[in-house]
Amino acid sequence: MLQLKSMVRVRFAPSPTGFPHVGNMRTALFTWLFARHHGGRFIVRIEDTDVARRVEGAVEAILDSLRWLGLDWDEGPGVGGDYGPYYQSQRLKIYQEAARRLVDGGYAYRCYCSPQRLEEMRAEQVRRHQPPGYDRRCRYLSDEERFDYEAQGIVPVVRFKVPLSGQTTFTDLIKGEVTVDNSHLDDFVLLKSDGYPTYHLANVCDDHLMEISHVIRADEWLSSTPRHKLLYDALGYSLPHFAHLPMILGPDRSKLGKRHGATSVVEFREQGYLPEAMVNFLALLGWSLDDRTEIIGREELIRNFSLERISKTGAIFSHQKLLWMNGVYIRQLPVEDLAQRMMPFLDRDLPASIERPVDKGYLLKIVPLIQERMKLLSESAELTDFFFVDDLAYEADLLLMEGLPPERSIEALEQSLPRLQALPNFDAESLEGLLRPLAGELGLKTGQFFGLLRVATTGRTAAPPLFQTMEVLGRDRCLKRLRAALGRLKD
RNA sequence: GCCCCCAUCGUCUAGUGGCCCAGGACGUCGGCCUUUCAAGCCGGAAACAGGGAUUCGAAUUCCCUUGGGGGCACCA
């Protein structure tokens, strides 16, 4: 890889036009990993130059997501830095001056074309199967014409004067050398008529002024990089390194978007994904350590991350694999930790009748029983509610075991009750010691007997191991539930 | 339409000329374990887009085709 002679300074530059998309967050993660691996600086810069598309609360949502994933930034909103401000809307002067400099230097010109004209021009181009693009009319305006437009009070935009011939080449750290004929580039806008810069101008100015060493961004920017190179040259700035990350795709292989379901990391958080699982999963989407590593933590990621091992191909976001990975991380969690993380979900989803906050000591006994069954924290309530509710609600039919007449079930429960009552220690071991032989005594298969008891004590056919569940529930609850089951069977 | 990028199992990927009749993981299928559900363990099916060329030898290099994606705004 190239010699990094100076400090690595990289930036994540989201635009607050929507909520933190997993694609953007993956870009943030890779950028952050690159910075941390090289001991460089990770900078967050808000690209809020589109007044019309600005979304309320988006900046905070983006920053929250970065924090949630543990991607801390060295410069940017909230932490400041020597290269601020870090909101582009607060740097308008810089861009306006750069635009003026370009116009004065003959690298750019003012364009007075109305949006209507541009629209008609484009429609015509499409109709004639010609490549869409500005026809450069204002590039050749006479002083007289220009004066005339100014007199009419038309506020111009500033367009870049793309060389009419020649080629532009740059090297991308992931894609390699990319070359484009300048004739394919049109005179793009640098400064809008509202005084705000376009992405192209603002991005180039800021990356230069903030001394960004590596521009790491999504693949969708690859085709505008030649324009940026032209801009860097015109402004007399030296070129940073570029690395264009492969895109994250939806199941239909198109750019992952809203129609593909949950794409905001806020949603993943609410669904009960762990940030460490998210980081692990996202890191492996377009990057790999070797031919076998799947579960890899943050530190190891930092230690091993490199741009060379990023693939060139877009990757489909697989919910399946993420779900599996989340389960792996949940199983690895210390009981206390998992209980802690479940609390907000229990709070949110448990029936209103249950007292809040739930008893932590009781929860700590429940967690080991459901830990290996949980894939999402959002399953907390459905996996544990029967431990909390007073009266179980379930279909009486569930008490009817395969090949077992109701009378036999009634008998089984009636035989069980006094013995459970009399059991000295109500723990899993003692329960098994009592109930397993009892199944034989009653002439029942263990599957039938335990199944019956399971439904009676939990109200469901799938639950954690019976004896442990009964131990956690405690004798009183169990007896009460067995009597209730008896009542249902007799109805 | 034009330009750019990409192309290994359904999916994420390993693979940088011989170690590959292609390895791992998710998912899937079968089995084991077992009081249910999970988890776990064992095993199976499953891919180098096609065609040329280079080479003693190509998943790996080159060309073409095909396919996919991205871009072509006073959006980022």
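Note on naming: letters A, B, ... go to the chains in the order of the sequence lines (proteins, then strands), and numbering restarts at 1 for each one.
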Fill in the blank from the handout: Among the nucleotides B/U36, B/G70, B/A76, whichever has the atom closest to the side chain of A/Glu47 is B/A76
Practice task
Would you indicate what A/Lys445 reaches in the nucleic acid, counting non-hydrogen atoms under 4.0 angstrom: base, sugar-phosphate, or nothing?
Solution key: nothing
Completion exercise
Here the distance between atom P of B/U36 and atom CZ of A/Phe449, to the nearest Å, is 15 Å
Output a table of nitrogen or oxygen pairs between the protein and nucleotides 72-74 of chain B separated by less than 3.5 Å.
unit_1	atom_1	unit_2	atom_2	d
B/C72	O2'	A/Pro132	O	3.2
B/C74	OP1	A/Arg122	NH2	3.3
B/C74	OP2	A/Arg159	NH2	3.3
B/C74	O2	A/Ser193	N	2.8
B/C74	O2	A/Ser193	OG	2.6
B/C74	N3	A/Ser193	OG	2.9
B/C74	N4	A/Cys113	O	3.4

Fill in the blank from the handout: Taking B/C3, B/C75, B/G70 as options, the one with an atom nearest any side-chain atom of A/Asp50 is B/C75
Exercise for the section: Name the nucleic acid region contacted by A/Ala315, choosing base, sugar-phosphate or nothing; use a 4.0 angstrom heavy-atom cut-off, strictly under. Expected result: sugar-phosphate
Exercise for the section: Using only heavy-atom distances, determine whether the side chains of A/Asn203 and A/Glu47 contain a donor-acceptor pair under 3.5 Å. Expected result: yes
Problem - Watson-Crick or G-U wobble partner of B/G30, both distances under 3.5 Å - result: B/C42
Practice task
Name the nucleic acid region contacted by A/Gly286, choosing base, sugar-phosphate or nothing; use a 4.0 angstrom heavy-atom cut-off, strictly under.
Solution key: sugar-phosphate
Practice task
Please report the C-alpha distance between A/Phe268 and A/Phe317 in whole Å, then the side-chain angles of each, then the deciding distance to 0.1 Å, and finally whether the ring-ring contact (aromatic ring centres under 6.0 Å, His included) criterion is met.
Solution key: CA-CA 13 Å; A/Phe268 285 99; A/Phe317 188 94; 5.5 Å; yes
Exercise for the section: Ignoring hydrogens and angles, state whether a donor on the side chain of A/Asp252 or A/Ser254 is under 3.5 Å from an acceptor on the partner side chain. Expected result: yes
Exercise for the section: Assign a letter to each nucleotide of nucleotides 14-25 of chain B from its 5' end: B, base within under 4.0 Å of a protein heavy atom; S, sugar-phosphate only; -, no contact. Expected result: SS-------BBB
Handout entry: Approximate separation, where rounding is to 0.5 Å, of A/Leu453 CG and A/Met470 CE
Key = 6.0 Å
Exercise for the section: Taking only Lys NZ, Arg NE, NH1 and NH2, and the carboxylate oxygens of Asp or Glu, determine whether A/Lys161 and A/Asp187 approach each other closer than 4.0 Å. Expected result: no
Exercise for the section: Return the value, rounded to whole Å, for the distance between atom CZ of A/Arg26 and atom C1' of B/U13. Expected result: 14 Å
Problem - Atom P, compared across B/G31 and B/G68: separation rounded to whole Å - result: 40 Å
Exercise for the section: Examine distances only and state if a side-chain atom of A/Asn280 and a backbone atom of A/Glu294 form a donor-acceptor pair shorter than 3.5 Å. Expected result: yes
Problem - For atom OH of A/Tyr273 and atom P of B/C26, their distance in whole Å - result: 16 Å
Problem - Over 12 foreign heavy atoms within 6.0 Å of CZ, A/Arg137 - result: no
Practice task
Look at all strands and tell whether A/Leu284 reaches a base, only sugar-phosphate, or nothing, counting heavy atoms closer than 4.0 Å.
Solution key: sugar-phosphate
Problem - Main-chain N/O of A/Val265 paired with A/Ser65 side-chain donor or acceptor, under 3.5 Å - result: no
Problem - Neighbour count above 12 (heavy atom, 6.0 Å) for A/Tyr107 OH - result: no
Exercise for the section: Could you check how far OH of A/Tyr329 sits from C1' of B/C26, rounded to whole Å? Expected result: 15 Å
Exercise for the section: Sticking with atom C1', work out how far B/U61 lies from B/G17, rounded to a whole angstrom. Expected result: 9 Å
Exercise for the section: Indicate, with a heavy-atom threshold strictly under 4.0 Å, whether A/Pro246 touches base, sugar-phosphate, or nothing. Expected result: nothing
Handout entry: Phosphate-side-chain proximity, A/Arg331 and B/G40, N/O vs OP1/OP2 below 4.0 Å
Key = yes
Fill in the blank from the handout: The nucleotide from B/U13, B/G70, B/U11 with an atom nearest the side chain of A/Glu220 is B/G70
Fill in the blank from the handout: Note: for A/Ser224 and A/Gly447 on RNA chain B, the residue whose nearest nucleotide lies more 5' is A/Gly447
Practice task
In whole angstrom, give the distance that lies between atom NE2 of A/His244 and atom C1' of B/G69.
Solution key: 15 Å
Handout entry: Distance test, side-chain N/O of A/Lys312 to OP1/OP2 of B/G69, below 4.0 Å
Key = no
Problem - P-based separation of B/G69 from B/C12 [nearest Å] - result: 14 Å
Exercise for the section: Would you mind reading off the distance between A/Gln88 atom CD and B/C75 atom P, rounded to a whole angstrom? Expected result: 13 Å
Handout entry: Sugar-phosphate, base or nothing in reach of A/Phe281, heavy atoms under 4.0 Å
Key = nothing
Fill in the blank from the handout: When rounded to whole Å, the CD to P distance for the pair A/Gln320 and B/U13 reads 17 Å
Exercise for the section: Counting Watson-Crick and G-U wobble pairs only, both distances under 3.5 Å, name the nucleotide matched with B/C37, or none. Expected result: none
Exercise for the section: Please determine, for B/C72, whether a Watson-Crick or G-U wobble partner exists with both distances under 3.5 Å, and give it or none. Expected result: B/G1
Exercise for the section: Check every strand shown and say whether A/Pro465 touches a base, only sugar-phosphate, or nothing at a heavy-atom separation below 4.0 Å. Expected result: base
Handout entry: Side-chain (A/Gln468) to main-chain (A/Pro465) donor-acceptor, under 3.5 angstrom
Key = no
Exercise for the section: Provide the distance between the two P atoms, one in B/A53 and one in B/A59, to the nearest whole Å. Expected result: 15 Å
Exercise for the section: Determine the interatomic distance between P on B/C41 and the same-named atom on B/A46; round to the nearest Å. Expected result: 24 Å
Handout entry: Distance test, side-chain N/O of A/Thr49 to OP1/OP2 of B/A76, below 4.0 Å
Key = yes
Handout entry: Mate of B/A7 where both pairing distances stay under 3.5 Å, Watson-Crick or G-U
Key = B/U66
Handout entry: A/Thr313 side chain, from C-beta outward: closest of B/U13, B/G70, B/A7
Key = B/A7
Practice task
Report yes or no: is the cationic atom of A/Arg146 (NZ for Lys, CZ for Arg) closer than 6.0 Å to the six-membered ring centre of A/Tyr112, at no more than 45° off its axis?
Solution key: no
Completion exercise
Whole-Å distance, A/Met247 CE to B/C6 C1', equals 12 Å
Exercise for the section: Could you tell me which nucleotide pairs with B/G18 by Watson-Crick or G-U wobble geometry, both distances under 3.5 Å, or answer none if nothing does? Expected result: B/C56
Exercise for the section: Would you indicate what A/Thr179 reaches in the nucleic acid, counting non-hydrogen atoms under 4.0 angstrom: base, sugar-phosphate, or nothing? Expected result: sugar-phosphate
Exercise for the section: Would you sort out whether A/Leu479 and A/Leu417 count as a side chain to side chain contact (heavy atoms under 4.5 Å, CB included), showing the intermediate values? Expected result: CA-CA 7 Å; A/Leu479 292 177; A/Leu417 273 166; 3.7 Å; yes
Problem - B/C26 versus B/C75 - spacing of their P atoms, nearest Å - result: 47 Å
Problem - Nearest-0.5 Å distance that lies between atom OH in A/Tyr199 and atom CG in A/Leu190 - result: 14.0 Å
Atom pairs under 3.5 Å: protein N/O with N/O of nucleotides 41-46 of chain B:
none

Practice task
Check whether any side-chain N or O of A/His208 sits under 3.5 Å from a backbone N or O of A/Cys205 as a donor-acceptor pair, and report yes or no.
Solution key: no
Exercise for the section: Please test A/Ser15 against A/Arg54 for side chain to side chain donor-acceptor pair (under 3.5 Å), starting from the C-alpha separation and ending with a verdict. Expected result: CA-CA 8 Å; A/Ser15 105; A/Arg54 177 178 247 140; over 6 Å; no
Handout entry: B/A14 and B/C20, which share atom name C1', separated by this distance in whole Å
Key = 11 Å
Exercise for the section: Taking only the side-chain nitrogens and oxygens of A/Lys175, find out if one of them lies under 4.0 Å from OP1 or OP2 of B/C5. Expected result: no
Handout entry: Pairwise P distance for B/C4 and B/A49, with rounding to whole Å
Key = 23 Å
